[in-house]
Amino acid sequence: MAQKAIREFDAKSILAKHWDKYFPNFTYAYETVMVQNGSELKKAAKEKTWLGEKALVAKPDMLFGKRGKNGLVLFRDKKPGDVSLAKAASWIDEKSSEKQSVYFSFEGDTPHGEAKVDMLTHFIVEPFTPHSQEEEYYISATCVGDNDVLYMSAEGGMEVEENWDKVVEVGFPITATEDEIAAGIRASIPKDVAQKDKEAFAEFAIGFFKAYRELNFAYLEINPFVMQGNKIELLDMVAKLDDTAGFLMREQWGDVEYPTSFGMEEKSPEVLAIEDADSKSGASLKLTILKPEARVWTMVAGGGASVVYADTIADLAGIEDLANYGEYSGGPTTSETKFYAETILDLMTRGKDAQGRDKVLIIGGAIANFTDVAKTFTGIIQAFENYADKMKAVGIKIYVRRGGPNYEKGLKDIKEAADRLGLYIEVYGPETHVTDIVRMALTK
Amino acid sequence: MAQLYTRETQAIFWNNNASAIQRMLDYDYTIKRAKPSVAAIVAPTSGSKFEKFFYGPDEIMIPLYRNTTEAKAAQPQADVLLNFASFRTAYDVTMEALEIGGFSSIMVTAEGIPERLARKMNATAKAKNVIVIGPATVGAIAPGAFKIANIGGTIENIVQSKLHRAGSCGLVTRSGGLFNELSNIIAINADGIAEGVAIGGDRFVGSVFIDNLLRMEANPEVKYMLLLGEVGGTEEYKVIEAVKNGQIKKPIIAWCIGTIAKYYDSGVQFGHAGASANGDMETAEAKNRAMKEVGIRVPASFNDLPEIISAVYHELHAKGIIKDIAEPDMNVCPKVRRSKQFICTISDDRGDEAHYCGYPISSVATPDTGFTIGDVMSILWFKKRYPRWAVDFLETVLKTVADHGPAVSGAHNAKVTARAGKDVISSLISGLLTIGPRFGGAIDDAAKYFKYANDNKLSPNDFLNHMKKEGIPIPGIGHRIKSLKNPDLRVEGLKKFAAANFPSTPLLDYALTVEQLTTSKKENLILNVDGTIGILMVDMWRALGYTDEEIDVFINAGALNAFFILGRSIGFIGHILDEKRLGMPMYRHPMDDILYDVKKAENL
């Protein structure tokens, strides 16, 4: 439920799909393919003949920028603009065959900070577009504070950040009319844009900003785009979608995916299963695995309380000990809670603590507004029943703190169940400070 | 407006979320509010007119409406909209309410409204000076006055957390769950809260921290504020600015949760959609540090909040800024309540004497009370005492329809049954059972169709064509023998009474133009007595100020036929008593009056 990055290929596909609506006086060839390896590229060339006919550019399409500075844009074999299909395919195979180091930050051309190391799995391949530096422009739009802001520069390309003083920005409130926006953009065209191109640039910018707004992009950047008369090339794009608008945009966005960022661990099957359950439920179920071998696991109700528990564990034990972050809220059903609890118990009981200590399970939560505590605990108790043996084998101490509707029954039930199953448990209600069980658990 | 809500505040609840509404009413009862805090429910798909809820040990009915416009028109005093629509429709519901106007605050509970829509909704509300609480919130509370939906949890927890009466802290949080938790902490360590708002967890919420804190600064009940922020966003800096420039002078205690986020990539989404730091300034640490620098009381961790609350409270108490609060009397909601199977809104037989709609029977029964049978009818049938002219009209109708001789089917049936030796009730019922579409039903239908024609501004000619298309003879038109030249004197009497006593008779006037057209085709197609009664009833109700919709409800409920049933029962009983007096034998219909046309069975 937030702003999510999409691939460059998908961003271009969305714009191409609506091109005539937003850019009726411009053309865009939409010559672009996304492949995972060299043979896929060769196969694509059978349908997309331009792949075999034109010089190509290939680069990874995995949500990170600075690909040029990382040496991950293939545009020359022996000289710029001579990359053949065969060369692109072999380059892709080479780059995807082993882990690559990618720097996210540069000072000049010198990498800055730590590199992320991961496999490259997705590549975008397009024709090489010969053009002059003067034909390269920068444009982007996003929301800053309460306004939508459009950024424009006549200096596009890799150096835009170094030349940020040349970027003109113009902001509009959400309630601005199309006429107000068009007038505002026309009045803000960067002065470096060649006089003969000013009108076309303005028209393109107005269409771009309209597309950004109407297609529910949270962030949209083309850097650079090349304008040759009425012919536009989108050399590089970055985009984020507001995925809460997904139900409105099913048709407009088409089949778009939200990949994990480069260098981030792929989501585990458990996390994917919780995400799937979350998407089907009116309640909220969230799980992030931080360090599966760590000792302290949390199963906390509520978006705010779960953060407070995580903060407190980090303060008192350090993040080395925190295995997961997650929350359930909004009145999940018994079976949803059971599934959520079993997922965590399963992960938690896969191995003992490396130092031989007991593991800690924090079943925490603030005083619920409307979630029936006894009902959610029923699901957790059912999970205990299925995992009691494994829990005892690993050694788990359970600490419970919760208040809210029906909490007395919930606490009594979970205590009785744990005792019956021979599990270590301590149970507290609203009279105990919300995060006090963390202190108790960690000082034992 | 320094106070968000008062004890008089009433809300329109969009969506029939029965458990949340019940919690509000339990709260109202507990704090002894004069009126329930929910004035109306918008239930777009419900066919019911009201929903029953408990109010303490009793039950009350809250009216249902199909849309916000109708609800607001019926309950104009309700200036809070509690928008419980889903994320798909919450935006439209809010925008419609802003368009209708008359709302001072709108609470939006849905989580995950598309960001652009949320921004537009918030900006539109702001321009109209309407406070939006949420989206993605559990609401707000003014303890001792008004509570939104589920905030505060169960009634036991509310009392435990001292949310049933005003304390002195102004509480603003993002999180709903922690709002509850903090209320409890504040009750334990201080004297409870004066006003509290959970602003909501989505990235774009309507009223932000600063909006609420500035209002609380101006609210004399609030002596100090507690702000619980989160990693992500820069809203806390607006508060810092207001403290710096002296806009906020009351003490503030604050803490931003999410200090853990610094250890992880931005890829880990902690808590709410709004909780994600873009840049150092948005981290919980940076905000906690910056707040501390301007003198806001910031604890070392969330765990230390209770101590700081206690310290601030005791400081202000020692200075005499916070006074001791006398604990108010409360009602206690019964634990076990049973919903009533039947509802009665017209009479009450509990207590010493039975009442007709609030009137003791003794106050309406004898002639010296000035009440006639028509008064009693108006009270028991329509729940109010009609003016004299209307009561006289009702009685005129009863007298006019009381009998129409022994030959009509109802009277005939009654007589035959009486002669079979049956009692009054059996005989009366056998007569009444004939009343329907062919006998006596014309009053309802005349009212219905003439009203339809008049409402839709059909010319007499259009009306005739319409009825022809429907294939129905116009109800209330036509008589066996009477004509314009030989008028029905009962009709003449009714018309004369109406002309002299009704404030106006628009539907009758219309019907008479129809009559001119029908009688020009055939002499005896006059407005008959059934038609005149039905039409004048509509005119009467209109003159009494009923809406068209209310009149349609009367007609559809069969209220007009009820006059015929009641009036004609007088005649039927007369015929039955007549038979009993005469002692006539069992009636057998003469065989020579029956055409026998029965074929012989073939295979005997």
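Atoms considered below: every heavy atom in the structure, side chains included; atoms not considered: hydrogens, waters and symmetry mates. So that the names make sense, note that chain A is the first sequence line, chain B the second, and so on, each numbered from 1.
- Only the side chain of Arg23(B) comes within contact range of chain A, with heavy atoms under 4.5 Å apart.
- Heavy-atom distances place the side chain of Phe247(A), and not its backbone, under 4.5 Å from chain B.
- The heavy-atom pair separating Gly112(B) from Thr244(A) by the smallest distance is O-CB, 3.4 Å.
- Atom CD of Glu257(A) has more than 12 heavy atoms from other residues, nucleotides or ligands within 6.0 Å.
- Residue Asn157(B) touches chain A through its side chain alone, counting heavy-atom pairs closer than 4.5 Å.
- Your options are Asn180(B), Leu305(B), Ile151(B), Ile188(B), and the one with the most heavy-atom pairs under 4.5 Å with chain A is Asn180(B).
- Between Ala366(A) and Leu178(B), the closest heavy-atom pair is CB-CD2, 4.3 Å.
- Proximity to chain B involves both the backbone and the side chain of Thr435(A), based on heavy atoms less than 4.5 angstrom apart.
- Ala368(A) touches chain B through its backbone: at least one of N, CA, C or O sits under 4.5 Å from a heavy atom, while the side chain does not.
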side-chain contact (heavy atoms from CB on, under 4.5 Å) between Glu320(A) and Tyr263(B), intermediate numbers included
CA-CA 10 Å; Glu320(A) 290 307 303; Tyr263(B) 299 110; over 6 Å; no
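- When heavy atoms are compared at a cutoff of 4.5 Å, Asp372(A) does not approach chain B at all.
- Of all heavy-atom pairs spanning Pro306(B) and His433(A), the tightest one is CG-CE1, 3.7 Å.
- Considering only heavy atoms from C-beta on, Val438(A) stays 4.5 Å or farther from Asn303(B) through its side chain.
- Taking a 6.0 Å sphere around CG of Asp92(B), one finds it holds more than 12 heavy atoms contributed by other residues, nucleotides or ligands.
- In terms of non-hydrogen atom pairs under 4.5 Å with chain B, the most contact-rich of Ile174(A), Leu322(A), Asn369(A) is Asn369(A).
- Contacts between Leu228(B) and chain A at a heavy-atom distance below 4.5 Å are absent for every atom of the residue.
- Surrounding CD of Glu114(A) are at most 12 heavy atoms belonging to other residues, nucleotides or ligands under 6.0 Å away.
- Across all non-hydrogen atoms, the minimal contact from Arg213(A) to Arg116(B) is O-CD, 3.0 Å.
- Across all non-hydrogen atoms, the minimal contact from Thr124(B) to Thr175(A) is OG1-CG2, 4.4 Å.
- Pro114(B) and Leu248(A) get closest at one heavy-atom pair: CG-CD1, 3.8 Å.
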Between Phe302(B) and Val434(A), does a side-chain contact (heavy atoms from CB on, under 4.5 Å) hold up when you go through it step by step?
CA-CA 10 Å; Phe302(B) 186 86; Val434(A) 55; 3.4 Å; yes
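- One N or O on the side chain of Asp242(A) and one on the backbone of Glu115(B) form a donor-acceptor pair closer than 3.5 Å.
- Contact of Phe179(B) with chain A is not made at all, since no heavy-atom distance falls under 4.5 Å.
- Heavy atoms from other residues, nucleotides or ligands lying under 6.0 Å from CD of Glu307(B) number 12 at most.
- Both the backbone and the side chain of Ile319(A) have a heavy atom closer than 4.5 Å to some heavy atom of chain B.
- For Asp315(A), the part lying near chain B is the side chain, with the backbone staying farther off; criterion is any non-hydrogen pair under 4.5 Å.
- With values rounded to the nearest 0.5 angstrom, Ile367(A) atom CD1 is found 8.0 Å from Ile185(B) atom CD1.
- With a 4.5 Å cut-off on side-chain heavy atoms, Cys143(A) and Arg119(B) count as touching.
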